[in-house]
Protein chains: 2
Amino acid sequence: MAAITIGKLASQTGVHLETVRYYERIGLIPAPRRARNGYRHYRSEDVRRLSFVRRARDLGFDIEEIRTLLALAEPGQSSCDEVRKLAMAHLGDIQSKISDLQRLASLLTASIEQCRGSEVPACPVLDMLGASAA
Amino acid sequence: MAAITIGKLASQTGVHLETVRYYERIGLIPAPRRARNGYRHYRSEDVRRLSFVRRARDLGFDIEEIRTLLALAEPGQSSCDEVRKLAMAHLGDIQSKISDLQRLASLLTASIEQCRGSEVPACPVLDMLGASAA
DNA sequence: TCTTGAGTCCGTAGCCACTACGGGGTGTAG
DNA sequence: CTACACCCCGTAGTGGCTACGGACTCAAGA
């Protein structure tokens with residue numbers, strides 16, 4: 001069986017090769033063994049760990065949160081509660097981001113809509129941006 | 001009447017003082033006149049311009065987009081169409097961000113929900129993150 | 001055997017939009 | 001006169017990568 005080099009790890013996990021090295025540098029993933037030529041040599045466990053990281057990033061967890069998740073995922077931790085807490089806090093963040101964006105989208109939509117009528121003297125989008133109150 | 005110093009400009013527009021200097025440095029707002037002591041001296045027009053910038057930033061436009069908007073807002077431009085195009089493109093971005101976050105929130109909600117039953121062997125949140133397929 | 005091209009090594013710098021820091025000068029109220 | 005707030009400037013740090021440059025190694029083809 002062929003050794004897992006950094007390139008293979010990258011393509012198997014969908015994490016950019018240079019990002020893998022970055023994660024190693026900041027200690028998010030452990031430094032792997034090196035072959036005689038100096039090349040990094042990963043095991044299938046590393047693939048799983050990095051996939052975990054990638055999915056967590058995709059879900060918008062930041063690096064520090066992922067560090068915590070990885071620690072909680074260590075064997076022997078009966079940590080479902082803590083994980084749930086972290087996930088719920090994160091969910092709260094996401095939901096307030098969503099409602100921010102929704103308010104924002106409806107503001108934009110409103111001023112774009114007005115453009116359609118085109119009997120307006122000035123540009124409603126610029127007007128909204130230039131309005132003296134927020 | 002008191003002169004508009006950078007601190008007043010900042011508090012009137014809600015833009016951080018150091019951010020005002022940053023915007024000046026990158027040429028987003030013009031460099032103001034200086035008093036004899038070297039202090040920046042703003043006019044009410046500058047307050048309007050910076051407020052515009054702030055609202056656009058709040059709506060998630062990036063600096064380059066705002067540069068364009070400011071140029072289009074210059075007098076003598078009959079540019080409503082272009083502004084609308086920019087705004088619509090931006091709205092598209094926002095809407096896809098919203099749906100990304102919504103998918104993400106329902107994923108998270110689903111795995112948190114499973115935790116509630118608590119007859120589960122392992123932690124569903126970690127399971128989801130650790131699942132081999134995305 | 002030689003060459004070509006892909007893969008890997010490393011450190012460093014750049015990206016965006018700020019934000020903070022440090023060390024100084026200035027203005028004002030008590 | 002002494003606090004203390006305000007302002008000046010340049011530089012460095014933030015997060016999470018991404019890109020660059022120059023050197024090495026390895027596998028496959030001619």
Side-chain angles (χ1 to χ4, degrees), chain A residues 1-29 31-42 46 49-70 90 93-94 97 100 104, chain B residues 1-29 31-42 46 49-70 90 93-94 97 100 104:
Chain A
M1 58 177 185
I4 304 175
T5 60
I6 193 170
K8 279 174 192 157
L9 179 65
S11 62
Q12 276 178 46
T13 57
V15 174
H16 199 293
L17 187 147
E18 318 233 43
T19 306
V20 177
R21 297 209 303 114
Y22 168 70
Y23 285 163
E24 180 182 323
R25 207 160 59 238
I26 65 172
L28 192 61
I29 60 174
R33 298 233 178 103
R34 299 297 184 112
R36 250 157 304 178
N37 56 16
Y39 285 18
R40 288 169 178 83
H41 237 349
Y42 295 95
D46 298 316
R49 187 188 178 96
L50 187 55
S51 299
F52 182 102
V53 171
R54 170 155 161 59
R55 259 187 307 280
R57 282 296 296 135
D58 283 351
L59 289 175
F61 288 92
D62 67 26
I63 301 283
E64 287 315 305
E65 286 172 324
I66 293 172
R67 261 189 235 280
T68 306
L69 285 173
L70 284 170
H90 185 57
D93 288 354
I94 291 169
K97 227 176 257 171
D100 282 358
L104 199 154
Chain B
M1 58 182 186
I4 304 175
T5 60
I6 192 170
K8 279 175 192 158
L9 179 64
S11 63
Q12 276 179 46
T13 57
V15 174
H16 199 294
L17 187 148
E18 317 232 45
T19 306
V20 176
R21 297 208 303 114
Y22 167 72
Y23 285 164
E24 180 183 324
R25 209 160 57 238
I26 65 172
L28 192 62
I29 60 175
R33 299 232 179 106
R34 298 296 184 113
R36 249 158 304 178
N37 55 15
Y39 286 18
R40 286 169 179 82
H41 237 346
Y42 295 95
D46 298 315
R49 187 187 178 96
L50 187 54
S51 299
F52 181 102
V53 171
R54 168 151 162 63
R55 260 187 305 282
R57 282 294 297 135
D58 282 351
L59 289 175
F61 287 92
D62 68 24
I63 301 283
E64 287 315 305
E65 286 172 325
I66 293 172
R67 258 189 237 279
T68 306
L69 285 172
L70 284 169
H90 185 57
D93 288 354
I94 290 169
K97 228 176 256 169
D100 283 357
L104 200 154

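Letters A, B, ... are given to chains in the order of the sequence lines, protein chains preceding strands, and every chain is numbered from 1.
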Trainee: What integer distance in Å separates B:Leu28:CG from C:dA17:P?
Mentor: 10 Å
Trainee: Roughly, in whole Å, what's the span from CG in A:Leu9 to P in C:dC9?
Mentor: 11 Å
Trainee: Find the distance between CZ (A:Arg57) and CD (A:Glu65) and round it off to the nearest 0.5 Å.
Mentor: 9.5 Å
Trainee: Grab the CD-P distance between A:Glu65 and D:dG16 for me, whole Å please.
Mentor: 9 Å
Trainee: Given that A:Tyr22 and A:Arg36 both sit by DNA chain D, which one's nearest nucleotide is further toward the 5' end?
Mentor: A:Tyr22
Trainee: Give a yes or no on whether a salt bridge exists between A:Glu24 and A:Arg21, defined as a side-chain N under 4.0 angstrom from a carboxylate O.
Mentor: no
Trainee: Any side-chain N or O of A:Thr19 below 4.0 angstrom from OP1/OP2 of D:dT18?
Mentor: yes
Trainee: Can you give me the bend angle of the helix from C:dT1-D:dA30 to C:dG30-D:dC1? Use the axis through the first five pairs and the one through the last five, nearest 10 degrees.
Mentor: 10°
Trainee: To the nearest Å, give me how far apart CD1 (A:Ile66) and P (D:dC17) are.
Mentor: 8 Å
Trainee: If you measure from CD1 on A:Ile4 to CD on A:Gln12, what distance do you get to the nearest 0.5 Å?
Mentor: 5.5 Å
Trainee: Can you tell me how far CZ of A:Arg67 sits from CG of A:Asp62, rounded to the nearest 0.5 angstrom?
Mentor: 10.0 Å
Trainee: If you round to the nearest 0.5 Å, how far is CG of B:Asp46 from OG of B:Ser51?
Mentor: 10.5 Å
Trainee: If you measure from OG1 on B:Thr13 to OH on B:Tyr23, what distance do you get to the nearest 0.5 Å?
Mentor: 9.5 Å
Trainee: Shortest non-hydrogen contact from A:Leu17 to A:Gly7?
Mentor: CD1-CA, 3.9 Å
Trainee: Return the nearest nucleotide to the side chain of B:Ile63; candidates are C:dA17, D:dA19, D:dC17.
Mentor: C:dA17
Trainee: Decide, yes or no, whether a salt bridge links B:Asp58 with B:Arg54 under the criterion of side-chain N to carboxylate O below 4.0 Å.
Mentor: yes
Trainee: Of the non-hydrogen atoms in A:His41 and A:Ala35, which two are nearest, and what is the gap between them?
Mentor: CD2-CB, 4.0 Å
Trainee: Please report the distance, rounded to the nearest Å, between CZ in B:Phe61 and C1' in C:dC16.
Mentor: 18 Å
Trainee: Among A:Thr19, A:Ile63, A:Leu50, find the residue that satisfies the side chain to side chain contact (heavy atoms under 4.5 Å, CB included) test when tested with A:Leu28.
Mentor: A:Ile63
Trainee: Indicate for each nucleotide in nucleotides 3-10 of chain D, in 5' to 3' sequence, whether protein heavy atoms under 4.0 Å reach the base (B), only the sugar-phosphate (S), or nothing (-).
Mentor: ---BSSBB
Trainee: Going by the side chain to side chain contact (heavy atoms under 4.5 Å, CB included) test, name the single residue among A:Thr68, A:Asp93, A:Leu69 that passes it with A:Phe61.
Mentor: A:Leu69
Trainee: Please state whether the phosphate of D:dG16, meaning OP1 or OP2, lies under 4.0 angstrom from any side-chain nitrogen or oxygen of A:Tyr23.
Mentor: no
Trainee: Any N/O pairs under 3.5 Å between the protein and nucleotides 28-30 of chain C? List them or say none.
Mentor:
none

Trainee: When the distance from CD of B:Glu24 to P of C:dA17 is rounded to whole Å, what number comes out?
Mentor: 18 Å
